[in-house]
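Here's the structure we're looking at; comments come further down.
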Amino acid sequence: MGNFIGDSGPDTTPCGKPAAVAHYFTEKSWIEGSALQQLADMAQMPGMLSIAGFPDLHPGKYGPVGMAALSTRLYPQLIGTDIGCGMGLFELDLPLRKFKIEKAAEALRQLETPAFGQMNSEAMDNARSLVAKADTLGTIGGGNHFCEIQAVDELLCPEASVHLDRQKTYLLVHSGSRNLGASVFAETLAGNASLDEGLDPASDAGIAWLTRHDLCVDWAALNRQIIAERAAAVLRTEVRLIADVPHNLVRAAAHGHVHYKGAAAVTAGGIAPIAGSRASLSYVVEPLAGAAISHWAISHGAGRKYDRRNMHGRTGNTRSEREGLLRNAWGGVAICDDRRLAVEEAAGAYKNAAQVVEDLAGHGLVRPLAAMKPLVTYKKVDIDHDEAKRDKGRERRQERRQKRG
DNA sequence: ATGTGC
């Protein structure tokens with residue numbers, strides 16, 4: 001476990017020794033130098049006790065993504081905007097033998113359009129009881145978020161059949177707290193002169209953030225449940241939750257709070273999905289008792305190899321390249337009407353999830369249960385993106401004209 | 001990440 005800073009007390013570490021940084025990856029997982037530097041910088045932060053870096057580690061805005069950090073102080077900026085973001089794995093009541101990719105893709109295009117406000121759902125009632133304004137409830141969002149129908153590609157150990165069945169189909173939902181988490185983070189930045197020294201968890205500011213953080217975490221899990229229910233509704237089937245694992249949050253521990261940033265916060269006895277890209281295999285793993293050493297954190301996905309900006313121009317330059325981005329090696333399809341997003345989320349932007357799983361297993365953190373293949377991935381539907389944009393521009397010009405008189 | 005920013 002993490003090394004303890006001595007008797008001076010962990011709250012007063014500016015001149016103390018830096019926190020221990022442990023790497024749970026091998027040289028086979030290429031890690032960008034700037035991400036390692038961000039880990040090293042974090043080790044100097046006041047109250048920081050122990051940091052774990054995972055094989056999907058990559059640079060982020062306020063700190064690296066793919067890490068878990070135990071600290072006596074709270075660092076909201078290490079968690080960022082999408083508080084409570086995570087992955088939900090569901091079993092669909094839709095046997096693989098009856099499953100048709102094209103038909104399912106057509107149905108799933110309706111995922112975010114139906115009058116889901118009329119859906120009768122306990123999850124929806126619960127989410128609405130948490131926050132009055134919940135207009136983004138049941139929506140996936142952008143970036144790396146998705147809702148994907150999967151099937152077992154390979155069972156990797158005999159015990160896997162307890163959880164997963166080759167004859168069934170599954171749903172992996174990656175989403176978070178949408179504009180709720182974004183507003184909590186914006187208010188936290190505005191309400192604190194600096195977050196450089198972190199917040200005392202017992203202070204008013206610390207409690208204020210923790211309280212709203214907890215709400216985001218709960219809301220995000222309900223959001224994933226509702227997305228799954230909406231997917232089931234348009235596919236005319238049912239869903240059953242297998243595992244919901246957040247990877248963007250803090251959790252109270254014996255000696256402080258563990259900050260999970262793009263690192264799945266797992267529990268003993270559960271299972272967890274590790275997402276590949278939309279054109280590569282994802283995995284389901286069982287966290288082992290050995291994961292206690294990494295603060296019960298493991299990787300949450302393949303991890304980016306190229307940042308979003310870097311991807312533009314690399315692919316999607318021709319019509320055939322763009323069409324290729326929406327197909328995969330298993331005959332699966334992706335629904336993504338946003339060209340830029342499709343390029344940013346191309347399989348080539350990501351590292352290999354198989355290597356991530358191998359590194360985690362090699363460090364005794366997980367046992368791989370299954371490889372899962374992508375059949376239909378819902379990213380974003382935009383009926384007429386360009387027209388909407390033109391309308392917006394027209395409205396703005398008209399407003400300006402009216403202002404001038 | 002964010003009904004994204006000019």
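Here is how names work: the chains are called A, B, and so on, in the same order as the sequence lines, proteins then strands, and each is numbered from 1.
Residue contacts for A/Asp135: at a heavy-atom cut-off of 4.0 Å it reaches a base atom on one of the strands shown. Looking at heavy-atom distances under 4.0 Å, A/Gly142 makes contact with sugar-phosphate atoms alone, never a base. Residue A/Gly80 is out of contact with every strand shown, counting any heavy-atom pair closer than 4.0 Å. Note on A/Arg308: only backbone sugar-phosphate atoms sit closer than 4.0 angstrom, heavy atoms only; bases stay farther off. Residue contacts for A/Gly176: at a heavy-atom cut-off of 4.0 Å it reaches no nucleic acid atom on any strand shown.
With A/Arg304 as the fixed residue, the side chain to side chain donor-acceptor pair (under 3.5 Å) test singles out one of A/His58, A/Glu32, A/Glu345: A/Glu345.
For A/Asp338 and B/dT4, the CG to P distance is 13 Å, given to the nearest whole Å. Put simply, CZ on A/Arg178 is 11 Å from P on B/dT4, counting in whole angstrom units. Taking atom CD1 of residue A/Ile140 and atom C1' of nucleotide B/dA1, one finds them 15 Å apart after rounding to whole Å. Between the C1' atom of B/dG3 and the CG atom of A/Asp337 lies a distance of 17 Å, rounded to the nearest Å. Rounded to a whole Å, the CG atom of A/Leu137 is 13 Å from the P atom of B/dG3. Rounded to a whole Å, the CZ atom of A/Arg340 is 15 Å from the P atom of B/dA1. Rounding to whole angstrom units, CG of residue A/Leu341 and C1' of B/dG3 are separated by 15 Å. For A/Asn179 and B/dT2, the CG to P distance is 9 Å, given to the nearest whole Å.
Not one N or O on the side chain of A/Lys379 forms a donor-acceptor pair closer than 3.5 Å with the backbone of A/Ala342.
For the residue pair A/Glu344 and A/Tyr306, no side-chain donor N or O sits within less than 3.5 Å of a side-chain acceptor on the partner. Defined by atom type and a distance below 3.5 Å, a donor-acceptor pair is present between the side-chain atoms of A/Ser280 and A/Ser277.
Minimum interatomic distance between A/His300 and A/Met87 (heavy atoms only, all atoms of both residues): O-CE, 3.2 Å.
Residue A/Asn144 places at least one side-chain N or O under 4.0 Å from the OP1 or OP2 atom of B/dA1.
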